[in-house]
Amino acid sequence: LGGELDSIDFFKHKECLIAGLVTRAARLSYVGEPGWEISCAAVDAPRLYKALLNEGVLPAGLYAQTSMRVEKGFCAMGHELDSDVSPVEVGLDRFVRPSGEFTGSTSLAERRQNPAKQQLKSLLFKDKAVVPIGHEPVYKDGEIIGKTSSCAFGYRLGQPVGLAFILVDNNSVDNPIEVQVDIAGNKATATVVDGALYDSTNSRMKA
């Protein structure tokens, strides 16, 4: 199975034959590990799934995916992304065409000139026993400065992790701050971090 897949460069895609089936494989990963996203005709999905299982591939559930994507700082629609959030606030502006007209280009240009007061940051919780679930208020010096959007236990890091929209004025890349997250009435301490908590250089994904 790996021959054609291994020949795909990072962030590229091509048509591949897997178990005799025509597929489209993209060399990227929503969980931060080396891998591919594979598409095929709906009628071929059961056969492709069985072929992958026969090669030793183990299925993982949605909670595992969420844990890994939060460790990597990857956004999800309905959590970090919606119609009110632009790529500027979530660190995805580098994937947007820098000039020219397209749907939403005028609004995006205005947002670049006047960015929202809150931007997406990563949270690393100190207490391994806390269970944040997302949408909790984030406090600094007794004042609310943001809200979590997605949280999980980061098994690669061995600590609870989260993503949160934080007031930019209250955070600095050079001077990470500690905040308190209100989890069901109990304050849990977390460190605000710019970028991914796991493999911030993407070396794993490019391996």
Side-chain angles (χ1 to χ4, degrees), residues 10-11 28-35 60 62-82 84-96 111-112 115-207:
F10 180 67
F11 231 65
L28 48 87
S29 166
Y30 193 45
V31 296
E33 297 292 342
L62 183 61
Y63 283 111
Q65 181 192 65
T66 298
S67 170
M68 298 171 82
R69 78 157 181 89
V70 174
E71 286 180 314
K72 279 294 293 178
F74 290 156
C75 302
M77 184 60 68
H79 294 272
E80 291 74 39
L81 302 173
D82 62 32
D84 295 323
V85 178
S86 83
V88 177
E89 288 80 60
V90 294
L92 296 178
D93 199 19
R94 65 187 182 280
F95 295 111
V96 180
R111 187 60 62 89
R112 288 179 179 135
K117 295 180 179 180
Q118 292 186 335
Q119 292 186 359
L120 190 67
K121 307 293 181 182
S122 295
L123 297 179
L124 183 63
F125 289 84
K126 287 195 170 185
D127 186 351
K128 294 183 179 181
V130 300
V131 186
I133 61 174
H135 303 287
E136 296 102 346
V138 178
Y139 289 80
K140 174 64 176 174
D141 298 328
E143 296 184 0
I144 294 178
I145 64 166
K147 183 180 74 171
T148 61
S149 52
S150 295
C151 294
F153 189 88
Y155 289 93
R156 293 177 296 197
L157 299 175
Q159 291 175 256
V161 295
L163 296 173
F165 285 96
I166 302 290
L167 286 173
V168 177
D169 292 342
N170 289 278
N171 189 32
S172 167
V173 175
D174 299 323
N175 185 28
I177 63 169
E178 286 191 349
V179 296
Q180 288 72 47
V181 180
D182 187 335
I183 304 174
N186 297 313
K187 299 288 181 64
T189 300
T191 301
V192 179
V193 179
D194 280 296
L197 297 169
Y198 174 79
D199 187 29
S200 59
T201 63
N202 286 328
S203 59
R204 285 286 301 158
M205 292 181 67
K206 297 177 182 178

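Heads up: numbering here begins at 1 and tracks the sequence. Just so it is clear, the values below take in all heavy atoms, side chains as well, and ignore hydrogens, waters and symmetry mates.
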Could you walk me through whether Gln118 and Lys147 pass side chain to side chain contact (heavy atoms under 4.5 Å, CB included), step by step? CA-CA 10 Å; Gln118 292 186 335; Lys147 183 180 74 171; over 6 Å; no

Throw together a table of side-chain donor-acceptor distances under 3.5 angstrom for residues 68-75, partners on residues two or more places apart or in other chains.
residue, atom, partner, partner atom, Å
Arg69, NH1, Phe74, O, 2.7
Arg69, NH1, Glu80, OE1, 3.1
Arg69, NH2, Ser150, OG, 2.7
Glu71, OE1, Arg156, NE, 2.6
Glu71, OE1, Arg156, NH2, 3.0
Glu71, OE2, Arg156, N, 3.1
Glu71, OE2, Leu157, N, 3.2
Lys72, NZ, Asp199, O, 2.8
Lys72, NZ, Asn202, OD1, 2.6

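Considering every non-hydrogen atom in both Phe125 and Ala190, the closest pair reads CD2-CB, 3.8 Å. When all heavy atoms are compared, the tightest approach of Gly32 to Ser29 is N-OG, 3.1 Å.
The main-chain N or O of Val96 is never found under 3.5 Å from a side-chain atom of Asp93 such that the two would form a donor-acceptor pair. Of the possible donor and acceptor atoms, none in the side chain of Glu143 sits under 3.5 Å from a partner among the backbone N and O of Lys140. Here the side chain of Ser67 pairs a donor or acceptor atom with the backbone of Phe153 at under 3.5 angstrom. A donor-acceptor pair is defined here as one N or O able to donate and one able to accept, closer than 3.5 Å; no such pair exists between the side chain of Gln119 and the backbone of Ala116. Between the side chain of Ser122 and the backbone N or O of Asp194, no donor-acceptor pair lies under 3.5 Å.
Atoms CG and CG, on Leu163 and Leu123 in that order, are 7.5 Å from each other to the nearest 0.5 Å. Here the CG atom belonging to Asp141 is positioned 8.0 Å from the CD atom belonging to Gln180, to the nearest 0.5 angstrom.
The shortest distance between side-chain heavy atoms of Ser149 and His135 does not fall below 4.5 Å. Between Val131 and Ile183 there is no side-chain heavy-atom pair separated by less than 4.5 Å. No side-chain heavy atom of Thr148 sits under 4.5 Å from any side-chain heavy atom of Pro132. Counting heavy atoms from C-beta on, the side chains of Lys187 and Val181 never come closer than 4.5 Å.
In Tyr30, the OH atom is crowded: over 12 heavy atoms of neighbouring residues, nucleotides or ligands sit closer than 6.0 Å. Within a 6.0 Å sphere centred on CZ of Phe10, heavy atoms belonging to other residues, nucleotides or ligands number more than 12.
Checked against side chain to side chain contact (heavy atoms under 4.5 Å, CB included), Tyr63 has no partners two or more places apart in sequence or in another chain. Applying the ring-ring contact (aromatic ring centres under 6.0 Å, His included) test to Tyr198 and every residue at least two apart in sequence or in another chain returns nothing.
Applying the side-chain contact (heavy atoms from CB on, under 4.5 Å) test between Leu124 and each of Val192, Leu197, Thr189 identifies Leu197 as the sole match.
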